[in-house]
Structure formats: C-alpha cells, structure tokens
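One structure is given here, and the rest of the page talks about it.
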Amino acid sequence: MRVLTINCGSSSVRLAVHDVVGNRVTERVRISCGKIGHNEARIKFRAKDANTAENWRYKLETHHQAVHHLLYLLDSEHWLDDVEVVGHRFVHDGGFFSQPVLIGPTARSQLERAARFAPLHMPASLEALDAAAVRLGKLPQYAVFDTHFHHNLPDLAQDTGLPRDFVSHPVRRYGFHGLSCEYVLDWFQSQGPEQLPSRLIVAHLGSGASATAILNGQSVDTTMGLTPVSGLPMATRSGDIDFGAALYVAENLDMTVCALRKLLNENAGLSGLSGLSGDMHELIERAAEQPSARDAVDYFCYHTAKHIAGLTVPLGGLDGIVFTGGIGAGSTEIRERICQRLTHFGLDMRNLKKSGNKAPHLEGAKGTKVFAVRCDENAVIARHVSGLRSTLPNI
C-alpha cells in the first residue's frame, strides 16, 4: 500500500510518501516546510531512490497554503501517483477516540472540539486536512493520535489533582509524543527484543518536549497532561510552573483566560526566559555572550533532568534513557548537560555522543544505558494507517 503522511508542527509541516508491505515501511520521498508564517518559509525536498535533495524558499503564511503547495510540488513530479490513503498526525484525541479514525463529518467535528486542548498544533492539522481534501479529492484521510500510546496509563498517572466535582470526562492527563515513543520501541525491536530496557525513559526534546516512563513496553507515566503546555520547559510553552504565579500575573495585568493561554503557549518557555529566542541551537550559540540565553539553557537542562529523575518512581529504577527530537537527538551538549545531573543513576554514556539509529548493544555495558535516536513519526503513521484501514469505521 502507498501512503501519504502529513505531520504538522506549530510552524512547520512534514510530508512523506511510503510503501507499506506488512510491517515494513519504506520511505520513497519526503518534503517539509519550516518557518510557516515568516517572510521566507523554507522547503526541503529529498527523494531517496533518486538520491536528490532540493531547498527552496517561499512566502507561505498558513499551514493550508504550505500543505497545498507541497502537494502541488509532489504531484507535479508524479510522487503522488498510486497513493491510496492519507494519514495525519493529530496531537490530541479530545477523549473522543481510542484508536486511529477514518475522518468523516462526525470525526471532523470532534477534532475541531479537541483543538482547544492543543492550540499550537490542532488548528494547523485541521488546515492540513482541508488542503489535502482540496488537492487529493476523495482520497480517504485518517487521523493518528499522539495521545494513544498513553491510553492505558495507570489511574494515578491519569489523575489531574482537581476536585472530582469539577472534572468531566475529557479532563485527565493524556500524555503526548506517543508516535515518537512508538518509534523508539520499534527501533529496539528491530535490534532484537532482548535489547529493550525494561525500565526506559524516552526524552523527546524539541520545540515541544516531554519525557515518558515506559515499563516493559508500556507507558506508565509522562510529563505532559491534559494539554501539551505542561511538563518540561519548551520553545514557547511554559512547562510546569507555579499556577498561583500565573494567576497573580493575570490578575495584575487584567488578562483574560485567552490571553493567559496565549502567554503560556506562545510567549513563555525558552523564548520568554531568554527574551531572545525559543530556538535551543540559537541559544547555545549566544550563551557565551548573553546571560539570559545561558540562563534559559540551564533552566531547560535542570528541569529536564529533574523530571527524568522523577519518572524513575513509577519505574522503580532506571535501565535506559533515549534522547530524541530535534534537540534530544541533535545536540550532544544538551544530552551531556542533562546526564551530568543524573550520574547517580550509574549512567553508561559511551553512546552519548552518537546520534543515529545504530544498534543499541554496548558490549559489557553496566548501569543505565543512554542513546540518541532520530525518530521518524511519519513512518509510524504510515504503518498505523496501512494496518488498520480495513477495520476502521467511517464516521
């Protein structure tokens, strides 16, 4: 089966065309666009079979425009020929879905209602859905959810701490970056089932960041909750904060709920702490000369290490840490700085400076193993859509 996958970030989108045979997923071509909404959106194209890569710059102000244009570029070179189905990454299921879903009118309405829980991502994914419908006609489109990996979290891990009288059905801790966690487990499986650490923490560190405790292949706790704003500090999201402080600021500035939500999602985190940028790589470069950049990086590493340490409670110990995401897999310095705060777990860090998908086995390794893995969420989406297409209801 040939599958097109669409994966939206808050200001980016990644498309890929895959051939899926059984559990084997082979990428044929990928195209991505970053800095959507800026003067010069950056488009990257790579066709693996042809061993070609291209880079272009366009002015693309919305995800709808970006996806429409990327599909045009793929179609003009016949990369969309024989595509049978489209799979979209949706961050939040809103409590409506327990598995991937074929999107019809009812499911579309429920996805719109779930958008309030993830305002940086869900509206973008809905725009991508509409753009794909325009370009691809009646080709079936499926939603695959980041929350589903955490669907069976223990009750203690799902609880929000809010009074029961105020909690309705969708109000619980969901967890996110599930597709990334699935890829990590698949990666270990490909090296041999015995390679999977029983007590594993996956640290997905990028513009969005979270850590997940995985016990014998099952998610048992994670740092994000009802929404992706909680947990680790992120590019523009606050992560965990003293909510009393947030209320104090809102009251003194006469902020509405919408304004406070915007502050916590779009103007906090690394961007707010540094006053410079939410881009970790830029902050690292400027840290030597800009104290605020250095402080923001220190804050991120400290709180990430503290959350990782906290996740050893539901695990009852720690056998392995996997760093992934643009920062986690892309920055040796950040991995080292986080791990330096976790040496009391007996970390075996011989693999720490490697970033790739090489076999995780370390001959004679003792203690907690540490890895850097570049995840491919689109491949996980393609496998889900291909495997479930014949069984999913059309809602």
Side-chain angles (χ1 to χ4, degrees), residues 8-12 35-38 61-63 90-95 111-127 146-147 158-177 205-210 222-280 282-283 290-300 302-304 306-307:
C8 290
S10 57
S11 61
S12 64
K35 295 186 177 296
I36 297 170
H38 294 71
E61 297 183 352
T62 67
H63 281 78
F90 275 86
V91 167
H92 209 300
D93 64 50
L111 290 171
E112 290 175 352
R113 291 167 63 186
R116 56 184 171 168
F117 294 124
L120 294 185
H121 293 85
M122 293 290 284
S125 295
L126 289 166
E127 287 186 21
D146 248 338
T147 47
Q158 289 192 34
D159 205 340
T160 63
L162 291 170
R164 300 292 182 190
D165 292 345
F166 292 91
V167 177
S168 59
H169 165 66
V171 180
R172 61 176 174 84
R173 298 184 69 250
Y174 285 79
F176 303 91
H177 292 132
L205 310 180
S207 295
S210 71
T222 186
T223 56
M224 286 181 169
L226 171 67
T227 75
V229 78
S230 58
L232 310 183
M234 294 165 254
T236 63
R237 282 171 275 182
S238 64
D240 285 349
I241 59 170
D242 177 353
F243 197 66
L247 291 175
Y248 175 83
V249 170
E251 290 170 353
N252 279 271
L253 296 179
D254 293 325
M255 297 175 70
T256 64
V257 171
C258 288
L260 180 59
R261 182 184 295 116
K262 183 178 179 66
L263 170 65
L264 297 178
N265 279 281
E266 300 180 31
N267 303 114
L270 295 173
S271 177
L273 288 166
S274 69
L276 300 168
S277 171
D279 186 321
M280 176 62 80
E282 180 180 342
L283 293 177
Q290 292 281 355
S292 64
R294 181 180 63 248
D295 291 346
V297 175
D298 288 343
Y299 183 91
F300 178 87
Y302 171 75
H303 283 278
T304 298
K306 188 169 73 168
H307 276 286

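Computed from heavy atoms alone, side chains included, the values below leave out hydrogens, waters and symmetry copies.
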[Y] backbone acceptor or donor facing [X] side chain under 3.5 Å:
{"X": "Thr236", "Y": "Asn265", "answer": "yes"}
{"X": "His63", "Y": "Gly9", "answer": "yes"}
{"X": "Ser238", "Y": "Ile241", "answer": "no"}
{"X": "Ser292", "Y": "Ser274", "answer": "yes"}
{"X": "Arg173", "Y": "Met224", "answer": "yes"}
{"X": "Ser230", "Y": "Gly225", "answer": "yes"}
{"X": "His121", "Y": "Phe90", "answer": "no"}
{"X": "His303", "Y": "Gly239", "answer": "no"}

Open item on the list: Show, in sequence, the C-alpha distance, side-chain angles and deciding distance for Lys262 and Asn267, and conclude whether the side chain to side chain contact (heavy atoms under 4.5 Å, CB included) test is met.
Closed with: CA-CA 7 Å; Lys262 183 178 179 66; Asn267 303 114; 4.0 Å; yes
Test item: [X] and [Y] side chains (from C-beta on) under 4.5 Å apart, heavy atoms:
{"X": "Val249", "Y": "Met255", "answer": "yes"}
{"X": "Leu273", "Y": "Phe300", "answer": "no"}
{"X": "Ile36", "Y": "Glu127", "answer": "no"}
{"X": "Glu112", "Y": "Leu126", "answer": "yes"}
{"X": "Leu270", "Y": "Ser277", "answer": "no"}

Task: Salt-bridge criterion met for Lys306 and Asp240 (N-O under 4.0 Å) - done: no
Closest heavy-atom pair and its distance - [X], [Y]:
{"X": "Gly278", "Y": "Ala235", "answer": "O-CB, 3.3 Å"}
{"X": "Asp93", "Y": "Tyr174", "answer": "OD1-CE2, 3.5 Å"}
{"X": "Ala293", "Y": "Leu276", "answer": "CB-CD1, 3.9 Å"}
{"X": "Ala118", "Y": "Val91", "answer": "CB-CG1, 4.0 Å"}

Task: Reported OH-to-CG distance for the pair Tyr248 and Leu253, which is rounded to 0.5 angstrom - done: 9.5 Å
TODO: To the nearest 0.5 angstrom, please state how far the OG atom of Ser210 sits from the CG atom of Asp146.
DONE: 8.5 Å
Task: Residue pair Leu264, Arg237: steps toward the side chain to side chain contact (heavy atoms under 4.5 Å, CB included) verdict - done: CA-CA 5 Å; Leu264 297 178; Arg237 282 171 275 182; over 6 Å; no
Open item on the list: Using side chain to side chain contact (heavy atoms under 4.5 Å, CB included), reason through Leu205 and Thr304 one step at a time and then give a plain yes or no.
Closed with: CA-CA 9 Å; Leu205 310 180; Thr304 298; 4.1 Å; yes
- [ ] Go through Met234 and Met280 one step at a time and tell me if the side chain to side chain contact (heavy atoms under 4.5 Å, CB included) criterion holds.
- [x] CA-CA 9 Å; Met234 294 165 254; Met280 176 62 80; over 6 Å; no
